[in-house]
Amino acid sequence: MEKKLRVGILGATGMVGQRFITLLENHPWFEVVLLAASPRSEGKKYKEAVDGRWKMDAPISDRIAEMTVYNVNDVEKISEQVDFVFSAVDMSKDEIKNIEEAYAKAETPVVSNNSAHRWTPDVPMVVPEINPQHLDVIESQKKRLGTTRGFIVVKPNCSIQSYTPALHALKEYEPEVVIATTYQAISGAGKNFKDWPEMVDNVIPFIGGEEEKSEQEPLRLWGDIVDGKIEKATSPIITTQCIRVPVSDGHTAAVFVNFKNKPTKEQIIKAWKEFKGIPQELELPSAPKQFINYHEEENRPQAKLDRDYENGMGVSLGRLREDTVYDYKFVGLSHNTKRGAAGGAVLIAELLAAKKFIVNK
């Protein structure tokens, strides 16, 4: 790319916004030129706005630390200075819908980490290795919004990354029934152990809204575009339980699956190891070279050992075996704030740039 794309981060002071900042440091295609947050941070240096709230292991770079934070509601002022924005704002769902559409209508593409537009029929929800073809619906969205370059693309819920890619790689065998229990890290709630001491030595068997997302969002990824709208797939049937566990980063899933055409264990492992998508073919900067990694050891994957596989952008699987009730069971793991959140959005933006959906203004 001859000239880097200018990036703004909406919701830059939150945990996902912070993760965007660390992931985009020295990015070959993108340069962070603007940070925006709620009105209470407006006018502050970024280092002041996150003082005592910086949750990343890496320090804030001097350049970012000295940036002045904008009010996220100053849509026109921000749009004049950026080529596109990442959205990680902390607002109500209706407020998020409105502000993301406002940026799109100001001809600023939005790559969103939020859930507000995941079921807007002409907004693609994308995992680049799974459903890049859904980007085609952007043209219909532009017609609705009345824009020439402005649009919204969203990434799915962080927890489904730990098992949906594994199922997608096996689509030729037609999964029919899936049972998944996810064991989700506390960073998925935007917290660390300092913020949430109640999670130490504890398990909470409820995460609001998470089970509905985990059951339905994979079906939207596997859906089809019909008359300018995405219609979700009708199979497989998916049922889930989502549990918060005392882990800093990394969502684990225990999965049971029945197939219409039951493969052998060897066929499954071969399909996982050989699976690749358009990010690998295009060699996008954030794409894992090997998207899915299968562990032969009986005690892997483990969050502490495997969450940073391929810089946190790959998926780790293990413990595949036949089950006494279902065809097979296995365990999956993905990094929830890298692949599952900010990193997944960065990969979407890279695909959008490679396909010329996002260009320099």
Side-chain angles (χ1 to χ4, degrees), residues 1-13 16-17 20-21 23-37 41-43 46 61 63-64 66-89 96-114 116-117 120 122-126 128 132 134-155 278-279 282 284-286 342-361:
M1 190 165 292
E2 294 180 6
K3 183 181 178 183
K4 286 190 176 185
L5 292 162
R6 301 169 300 161
V7 178
I9 300 175
L10 312 180
T13 57
V16 175
F20 273 122
I21 287 170
L23 291 176
L24 293 169
E25 186 75 17
N26 301 315
H27 193 281
W29 294 3
F30 307 147
E31 181 179 6
V32 177
V33 299
L34 189 145
L35 305 174
S41 296
E42 181 181 6
Y46 185 72
S61 72
R63 186 180 75 88
I64 294 292
E66 293 300 321
M67 280 188 175
T68 299
V69 179
Y70 282 71
N71 184 337
V72 72
N73 298 303
D74 289 336
V75 177
E76 294 296 334
K77 186 187 296 185
I78 291 170
S79 292
E80 290 171 357
Q81 302 177 60
V82 301
D83 295 313
F84 76 99
V85 294
F86 288 111
S87 176
V89 292
I96 292 170
K97 280 186 175 182
N98 290 336
I99 200 160
E100 290 183 350
E101 282 207 359
Y103 276 94
K105 288 178 179 177
E107 301 294 0
T108 301
V110 178
V111 181
S112 180
N113 185 76
N114 299 302
H117 276 292
T120 302
D122 58 9
V123 171
M125 180 176 72
V126 176
H134 282 189
L135 296 182
D136 291 344
V137 83
I138 287 173
E139 292 307 316
S140 297
Q141 184 191 152
K142 286 180 179 178
K143 289 177 184 177
R144 174 176 64 85
L145 297 174
T147 61
T148 57
R149 73 186 305 278
F151 60 85
I152 304 163
V153 176
V154 300
K155 54 151 289 298
I278 196 167
L282 295 177
L284 299 179
S286 298
V346 171
L347 189 62
I348 292 170
E350 291 170 358
L351 179 59
L352 289 166
K355 295 293 187 180
K356 305 300 183 185
F357 286 97
I358 299 176
V359 296
N360 298 101
K361 284 184 179 176

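A quick note: this is a predicted structure, and the numbers were derived from the prediction, not measured. The basis for the numbers below is simple: all heavy atoms, side chains too, and nothing from hydrogens, waters or symmetry mates.
The shortest non-hydrogen separation linking Ala106 to Val75 is CB-CG1, 4.0 Å. Closest heavy-atom contact between Ala353 and Leu5: CB-CD1, 3.9 Å. A pairwise comparison of heavy atoms in Phe20 and Ala342 identifies CE2-O, 3.4 Å as the closest pair. In plain terms, the two heavy atoms of Thr108 and Ser79 that are nearest each other are OG1-OG, 3.0 Å. The two residues Glu42 and Asp74 have their closest heavy-atom pair at OE2-OD2, 3.9 Å. Contact record, Ser87 with Val110: CB-CG1, 3.9 Å, taken as the closest heavy-atom pair.
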Could you go step by step and tell me if Leu352 and Phe84 meet the side chain to side chain contact (heavy atoms under 4.5 Å, CB included) rule? CA-CA 11 Å; Leu352 289 166; Phe84 76 99; over 6 Å; no
Test log, rule side chain to side chain contact (heavy atoms under 4.5 Å, CB included), inputs Asn73 and Ile99: CA-CA 7 Å; Asn73 298 303; Ile99 200 160; 3.5 Å; yes
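A donor-acceptor contact shorter than 3.5 Å is absent between the side chain of Lys142 and the backbone of Arg149. A donor-acceptor pair is defined here as one N or O able to donate and one able to accept, closer than 3.5 Å; no such pair exists between the side chain of Gln81 and the backbone of Val33. A donor-acceptor pair is defined here as one N or O able to donate and one able to accept, closer than 3.5 Å; no such pair exists between the side chain of His117 and the backbone of Val153. A donor-acceptor contact shorter than 3.5 Å is absent between the side chain of Asn113 and the backbone of Lys155. Glu107 places a side-chain N or O within donor-acceptor distance of the main-chain N or O of Thr148, the cut-off being under 3.5 Å.
Of the inter-residue distances, the one linking Glu350 atom CD with Ile348 atom CD1 reads 10.5 Å to the nearest 0.5 angstrom. Of the inter-residue distances, the one linking Ile9 atom CD1 with Ile64 atom CD1 reads 6.5 Å to the nearest 0.5 angstrom. If you take CD1 on Ile152 and CD1 on Ile96, they are separated by 11.0 Å, rounding to the nearest 0.5 Å. Taken from OG1 in Thr120 to CD in Glu101, the straight-line distance is 7.0 Å, to the nearest 0.5 Å. The OG atom of Ser61 sits 10.0 Å away from the CD atom of Glu66 when rounded to the nearest 0.5 Å. Here Phe151 contributes atom CZ and Ile138 contributes atom CD1; the two are 4.5 Å apart, rounded to the nearest 0.5 Å.
Between Phe30 and His27, the angle of the ring planes stays under 30°, which puts this pair in the parallel group of the 30/60° scheme.
Counting heavy atoms from C-beta outward, Leu351 and Pro132 have side chains that approach closer than 4.5 Å. When side chains are defined from C-beta on, Pro285 counts as touching Trp29, because their heavy atoms get closer than 4.5 Å. A heavy-atom distance below 4.5 Å is found between the side chains of Tyr46 and Thr13. Counting only heavy atoms from C-beta outward, the side chains of Val346 and Phe86 approach each other to under 4.5 Å.
Under the 4.0 Å criterion applied to side-chain N and carboxylate O atoms, Asp83 and Arg6 are assigned as salt-bridge partners. Arg63 has no carboxylate O lying under 4.0 Å from a charged side-chain N of Glu25, or vice versa, which leaves the two without a salt bridge.
With a 6.0 Å radius and a threshold of 12 heavy atoms from other residues, nucleotides or ligands, Lys355 has its NZ atom at or below the threshold.
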